[in-house]
Amino acid sequence: MTLKTRFAPSPTGYLHVGGARTALFSWLHARHHGGRFVLRIEDTDLERSTAESVNAILEGMTWLGLEYDEGPFYQTHRFDRYNQVIDALLEKGLAYRCSCSKERLEKLREEQMAAKQKPRYDGHCRDRDVSPDEPHVIRFRNPLEGEVEFQDLIRGRIAVSNAELDDLIIRRSDGSPTYNLTVVVDDHDMGITHVIRGDDHINNTPRQINLYQAMGWEVPQFAHVPMILGEDGSRLSKRHGAVSVMQYKEQGYLPEALLNYLVRLGWSHGDQEIFSVDEMIERFDLKDVNRAPSTFNTEKLKWLNQQYIIHGDPARVAHLVSPHMGDLGIDPAQGPDLVEVVKAQRERAATLVELAQISAFYYRDFEQYDEKAAKKAFKGEADQALRAVRERLAALEDWQREPLHQAVTDTVEALGVGFGKVAMPLRVAVTGGSPSPDLDLTLHLVGREATLRRIDRAIEFIQSNR
RNA sequence: GUCCCGUUCAUCUAGAGGCCUAGGAUCCCAGCCUUUCACGCUGGUUACAGGGGUUCGACUCCCCUACGGGACGCCA
């Protein structure tokens, strides 16, 4: 039997980083073993499921490159099959009709809580033989005795006494099936061999195993991955800022950086920090997944993102940064080659958004000088230095790095000052104070026309601010 | 409240009884490099939740306590 894993989100919101990591682990486990990966949309909650959420999830999966071999399957398309299973359970006496009102259930729960007990259904209708004509739900007849035990691939042995489990509802009064039933039917029908999911499902696992056994089906392997917590240690949610995968795209993160960050959250391979997707696939093993929850840390994600910007293919980074330039109203086609700009600027930016911002001056004149930079660079005889260097630059025939550098050093020599006396004002004049690479490279990329224009502007600025 | 799961630097983690005076990474600090800002390099501060056992020896095994998270729904 081929190994098969699945990712089964419910479409009630965007794909968040916690879900994405669960999907990544499932995907890696399948890829590592040459198995198959299934995407299943668990949309049985008709009230809350939306088509927009489905699209958002699909979009996130695509952006991260977590391609699936089967699906997406939709549970709402499989109601006939669920009903068939429920009816079979009913016929075998493994499920029963229950007509308890919500009020009775509510009262029961309150009493149990007051008595310091775990709230659970008391089996009131278990042997009452409720008529199909009465309004009712269907409950699974959970075993009363013994315990359910399984070997979690991440946590080891987990056992729960059947006395802790109640008779769960598998069909609502409106006739729709519920989660614990559908997940078991689907995982069985789709041939899922390894169920990898968040550890908030640990408590559901024993009752699901009872369902498998009632149907006489083989029980899959389970692996429960720990949750991702927000910076304050509570469960990750909207109030922790960006939790949607697509928000990271908007904020200028590369998908491979997010993937790398996520894979190291709860999983490790010795001291290695950077993993290409191929390396992840090769080294991923569920036994190396941590049991404790971890906290999402944006600082480290940023560092990783910068590593990917610095060491990634400049042409690809240029392609990815281009839309962010567009957001600033810049058309990168009008100006220096974006790939060259990326190569010049990349170690100065942690995100593509930052990269776009610090590269804007290559394409258009900046609005104003960075105050601190201007104060430092434009003092003393700065205007004299600028005038002198402008003369030499203007005389240049070839606007290449070597002659540009020569022009600056010649000016320095003629003036008999330190290199910085000329270079600093020149740099600020041309960049406005934005982080920039070697001066000659900066001048080369900015171009002759803009360089001379900005020097003039700086001289004017200095004189009018005296 | 009941049940389940967990607990190594601020954060992500290495560690599978002696290799640990606990290693790496991010962050932070200092220095170097330097025409800005970064990158890079060097160094530094900081952790085995607490208490009992088991053992010649415990971060590693067992128990208890504390703390954190999760579940307890006609949500998934």
Side-chain angles (χ1 to χ4, degrees), chain A residues 8-12 42-45 47-49 75 98 100 102 105 109 112-120 136-139 152 155 158-161 163-166 168-176 178-180 182-183 197-206 224 226-227 229 231 233-235 261 264-274 287-288 290-304 306-307 310 345-350 358 370 372-373 376-377 408 412 418-428 431 433-440 442:
Chain A
S10 64
T12 54
E42 309 218 320
D43 53 355
T44 54
D45 183 351
E47 303 273 304
R48 297 195 299 156
S49 298
Q75 293 193 317
C98 165
C100 290
K102 288 187 180 176
L105 263 19
R109 183 171 303 126
Q112 287 166 329
M113 291 284 265
K116 303 191 174 186
Q117 286 170 341
K118 182 173 176 172
R120 47 160 138 20
H136 67 273
V137 299
I138 308 290
R139 287 183 185 272
D152 189 283
R155 289 154 205 275
I158 295 176
V160 176
S161 166
E164 295 295 330
L165 275 22
D166 63 358
L168 81 195
I169 293 170
I170 54 177
R171 178 149 71 201
R172 304 184 181 94
S173 49
D174 69 0
S176 63
T178 60
Y179 167 72
N180 279 298
T182 60
V183 74
R197 71 222 309 194
D199 72 3
D200 47 335
H201 287 289
I202 289 182
N203 293 286
N204 290 325
T205 307
H224 289 96
M227 314 232 72
L229 274 22
E231 314 251 1
S234 73
R235 189 179 183 156
Y261 179 71
R264 282 286 288 104
L265 213 50
W267 175 80
S268 60
H269 185 264
D271 286 338
Q272 188 171 345
E273 294 288 348
I274 310 265
K287 77 169 172 34
D288 297 319
N290 250 146
R291 285 170 298 276
S294 42
T295 308
F296 196 91
N297 180 237
T298 310
E299 290 301 323
K300 190 157 182 181
L301 203 213
K302 275 184 116 164
W303 172 76
L304 265 171
Q306 180 163 32
Q307 294 301 310
I310 293 173
Q345 294 288 91
R346 58 183 169 179
E347 63 263 28
R348 274 165 274 267
I358 63 168
D370 176 76
K372 265 174 79 179
K376 199 172 163 198
V408 176
V412 166
F419 192 84
K421 283 276 186 260
V422 176
M424 285 241 295
L426 180 53
R427 181 184 295 282
V428 175
T431 67
S434 182
S436 47
D438 283 352
L439 189 53
D440 48 297
T442 306

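Each chain gets a letter, A, B and so on, in the order the sequences are listed, and its residues count up from 1. Please read all numbers here as calculations on a predicted model, not as lab measurements.
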**Q** Does A:Ser268 reach a base, just sugar-phosphate, or nothing at all? Heavy atoms under 4.0 Å.
**A**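 Counting heavy atoms under 4.0 Å across all strands, the contact made by A:Ser268 is with sugar-phosphate only.
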**Q** Distance from A:Leu168 atom CG to A:Thr178 atom OG1, nearest 0.5 Å?
**A**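 A:Leu168 CG to A:Thr178 OG1: 6.0 Å, rounded to 0.5 Å.
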**Q** Can you check whether A:Thr295 has a side-chain N or O nearer than 4.0 Å to OP1 or OP2 of B:C12?
**A**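 For B:C12, OP1/OP2 do have a side-chain N/O of A:Thr295 under 4.0 Å.
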**Q** Here's a test of your reading of the structure: between A:Asn180 and A:Asn297, which maps to the more 5' nucleotide of RNA chain B?
**A**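 Per heavy-atom nearest nucleotide, the more 5' residue is A:Asn297.
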**Q** So what does A:Arg109 hit on the nucleic acid, given a heavy-atom distance under 4.0 Å: a base, only sugar-phosphate, or nothing?
**A**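 Sugar-phosphate contact only - A:Arg109 comes under 4.0 Å of backbone atoms but never of a base.
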**Q** Once you round it to whole Å, what is the distance between C1' of B:A76 and CD1 of A:Ile170?
**A**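 It is 17 Å, rounded to the nearest whole Å.
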**Q** Go along nucleotides 33-48 of chain B 5' to 3' and tag each nucleotide: B for a protein heavy atom under 4.0 Å from its base, S when only backbone or sugar atoms are that close, - otherwise.
**A** --BBBBSS--------
**Q** Could you tell me which nucleotide pairs with B:G6 by Watson-Crick or G-U wobble geometry, both distances under 3.5 Å, or answer none if nothing does?
**A**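 Result: B:C67.
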**Q** Classify A:Thr12 by what it touches in the nucleic acid, base, sugar-phosphate, or nothing, heavy-atom distance under 4.0 Å.
**A**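 It contacts nothing in the nucleic acid.
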**Q** Say you draw a straight line from OG1 of A:Thr182 to CD of A:Glu42; how long is it, rounded to the nearest 0.5 Å?
**A**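 With rounding to 0.5 Å, OG1 (A:Thr182) is 5.5 Å from CD (A:Glu42).
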**Q** Return the pairing partner of B:C37 with a 3.5 Å limit on both distances, Watson-Crick or G-U wobble; otherwise return none.
**A**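 With both distances under 3.5 Å required, B:C37 matches none.
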**Q** Could you please name the partner base of B:C27, counting Watson-Crick and G-U wobble pairs only when both distances are under 3.5 Å?
**A**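 By the stated definition (distances under 3.5 Å), nothing pairs with B:C27.
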**Q** Is a side-chain N or O of A:Gln117 found less than 3.5 angstrom from the main chain of A:Pro119, in a donor-acceptor match?
**A**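 Not at all, since once roles are kept as given, no pair shorter than 3.5 Å links the two residues.
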**Q** Nearest whole angstrom, please: distance from the P of B:C3 to the CG of A:Leu168.
**A**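 Atom-to-atom, A:Leu168 to B:C3, this comes out as 21 Å.
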**Q** Should the side chain of A:Ser294 and the base of B:C12 be counted as holding a donor-acceptor pair, with the cut-off at 3.5 Å?
**A**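 Check fails, no donor-acceptor contact within cut-off.
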**Q** Counting only distance, no hydrogens or angles, is the base of B:G24 paired donor-acceptor with the side chain of A:Gln272 under 3.5 Å?
**A**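 In this structure, the two groups form no donor-acceptor pair.
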**Q** Suppose we define a pair by two distances each less than 3.5 Å, Watson-Crick or G-U wobble; what does B:U45 pair with here?
**A**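 Paired with no nucleotide.
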**Q** Applying side chain to side chain donor-acceptor pair (under 3.5 Å), can you list everything that pairs with A:Glu273, at least two apart in sequence or on another chain?
**A**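 Side chain to side chain donor-acceptor pair (under 3.5 Å) list for A:Glu273, sorted by chain: A:Arg264, A:Lys300.
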**Q** Give the nucleotide from the list B:C74, B:A76, B:G70 with an atom nearest to the side chain of A:Asp45.
**A**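 Nearest listed nucleotide: B:A76.
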**Q** Going by side chain to side chain donor-acceptor pair (under 3.5 Å), name the residues that satisfy it together with A:Asp166, two or more places apart in sequence or in a different chain.
**A**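 For A:Asp166 the side chain to side chain donor-acceptor pair (under 3.5 Å) partners, ignoring immediate neighbours, are A:Arg207.
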**Q** A:Ile274 CD1 to B:A25 P: how many Å, rounded?
**A**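 Taking atom P of B:A25 as the reference, CD1 of A:Ile274 is at 11 Å.
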**Q** For a quick check, tell me whether the side chain of A:Asp43 and the base of B:A76 share a donor-acceptor pair closer than 3.5 Å.
**A**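 Check fails, no donor-acceptor contact within cut-off.
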**Q** In whole Å, what is the span from the CE atom of A:Met227 to the C1' atom of B:A71?
**A**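 It works out to 11 Å between those atoms.
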**Q** A:Ser436 and A:Arg427: side-chain donor and acceptor closer than 3.5 Å?
**A**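 Side chains of A:Ser436 and A:Arg427: pair found under 3.5 Å.
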**Q** Select from A:Gln112 and A:Glu299 the residue whose nearest nucleotide in RNA chain B is closer to the 5' end of that strand.
**A**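 Nearest-nucleotide comparison on RNA chain B picks A:Gln112.
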**Q** State which of B:G70, B:G24, B:G1 makes the closest approach to the side chain of A:Pro119.
**A**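 Of all the options, the side chain of A:Pro119 is nearest to B:G1.
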**Q** Categorize A:Glu42 for me: base, sugar-phosphate, or nothing, with a 4.0 angstrom heavy-atom threshold over every strand shown.
**A**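 The residue A:Glu42 makes sugar-phosphate contact but no base contact.
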**Q** Specify the separation, in whole Å, of atom CZ of A:Arg120 and atom P of B:G1.
**A**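 From A:Arg120 CZ to B:G1 P: 17 Å.
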**Q** About how many Å separate CD of A:Gln306 and CZ of A:Arg348, when rounded to the nearest 0.5 Å?
**A**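 That separation rounds to 10.5 Å.
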**Q** For B:U21, give the paired nucleotide (Watson-Crick: N1-N3 plus N6-O4 or O6-N4; G-U: N1-O2 and O6-N3; both under 3.5 Å), or none.
**A**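 Matched B:U21 with nothing under the 3.5 Å cut-off.
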**Q** Look through every strand shown and name the nucleotide pairing with B:U54 as Watson-Crick or G-U wobble, where both distances are under 3.5 Å.
**A**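 Pair assignment: B:U54 / none.
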**Q** Record whether the side chain of A:Lys118 comes under 3.5 Å of the base of B:C72 through a donor-acceptor pair of N or O atoms.
**A**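 Flag unset: no donor-acceptor pair detected.
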**Q** Going by the rule ring pair (Phe, Tyr, Trp, His ring centres under 6.0 Å), which residues pair with A:His136 if we only count those two or more places apart in sequence or in a different chain?
**A**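 Once residues adjacent in sequence are excluded, A:His136 has no partner under the ring pair (Phe, Tyr, Trp, His ring centres under 6.0 Å) criterion.
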**Q** Tell me: NE2 of A:His269 to C1' of B:G15, nearest whole Å?
**A**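 Computing the A:His269:NE2 to B:G15:C1' distance gives 15 Å.
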**Q** For the pair A:Ser434 (side chain) and A:Ile358 (backbone), establish whether a donor and an acceptor sit closer than 3.5 Å, ignoring hydrogens and angles.
**A**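 Yes; at least one donor-acceptor contact below 3.5 Å.
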**Q** Just by modelled atom types, is the A:His224 backbone N or O under 3.5 Å from a matching donor or acceptor in the A:Arg197 side chain?
**A**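 No, the answer is negative, given that no donor and acceptor are paired below the 3.5 Å cut-off.
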**Q** Tabulate atom names and distances for all N/O pairs under 3.5 angstrom spanning the protein and nucleotides 4-7 of chain B.
**A**
{"residue": "B:C5", "atom": "O2'", "partner": "A:Arg155", "partner atom": "NH1", "Å": "2.4"}

**Q** Can you measure from OH (A:Tyr179) to NE2 (A:His201) and round to the nearest 0.5 angstrom?
**A**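 Answer for the OH-NE2 pair, A:Tyr179 versus A:His201, is 4.0 Å.
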**Q** For a quick check of understanding: with a heavy-atom distance under 4.0 Å over all strands, which category does A:Gln117 fall into, base, sugar-phosphate or nothing?
**A**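 Base contact.
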**Q** If you measure from OG on A:Ser173 to CD1 on A:Ile138, what distance do you get to the nearest 0.5 Å?
**A**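 So the OG of A:Ser173 and the CD1 of A:Ile138 are separated by 10.5 Å.
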**Q** With both distances under 3.5 angstrom, what nucleotide forms a Watson-Crick or G-U wobble pair with B:G1?
**A**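 Pair assignment: B:G1 / B:C72.
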**Q** Any donor-acceptor pair under 3.5 Å linking the side chain of A:Arg120 with the backbone of A:Ala163?
**A**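 Yes; judged by distance alone, with no hydrogens or angles, the pair exists.
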**Q** A:Tyr261 side chain to A:Asn297 main-chain N or O, any donor-acceptor pair under 3.5 Å?
**A**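 Yes: the side chain of A:Tyr261 pairs with the backbone of A:Asn297.
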**Q** For a quick check of understanding: with a heavy-atom distance under 4.0 Å over all strands, which category does A:Lys102 fall into, base, sugar-phosphate or nothing?
**A**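 Since a base atom lies under 4.0 Å of A:Lys102, the category is base.
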**Q** What nucleic acid atoms does A:His201 come within less than 4.0 Å of, heavy atoms only: base, sugar-phosphate, or nothing?
**A**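 Touches a base.
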**Q** Using purine N1 to pyrimidine N3 plus N6-O4 or O6-N4 for Watson-Crick, or N1-O2 and O6-N3 for G-U wobble, each under 3.5 Å, what pairs with B:A14?
**A**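 Pairing partner: none.
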**Q** Report all interatomic pairs (protein N or O, nucleotide N or O of nucleotides 58-66 of chain B) with separations under 3.5 Å.
**A**
none

**Q** Which is true for A:Gly418 with a 4.0 Å heavy-atom rule: it touches a base, it touches only sugar-phosphate, or it touches nothing?
**A**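 The answer is nothing, as A:Gly418 stays clear of every strand by at least 4.0 Å.
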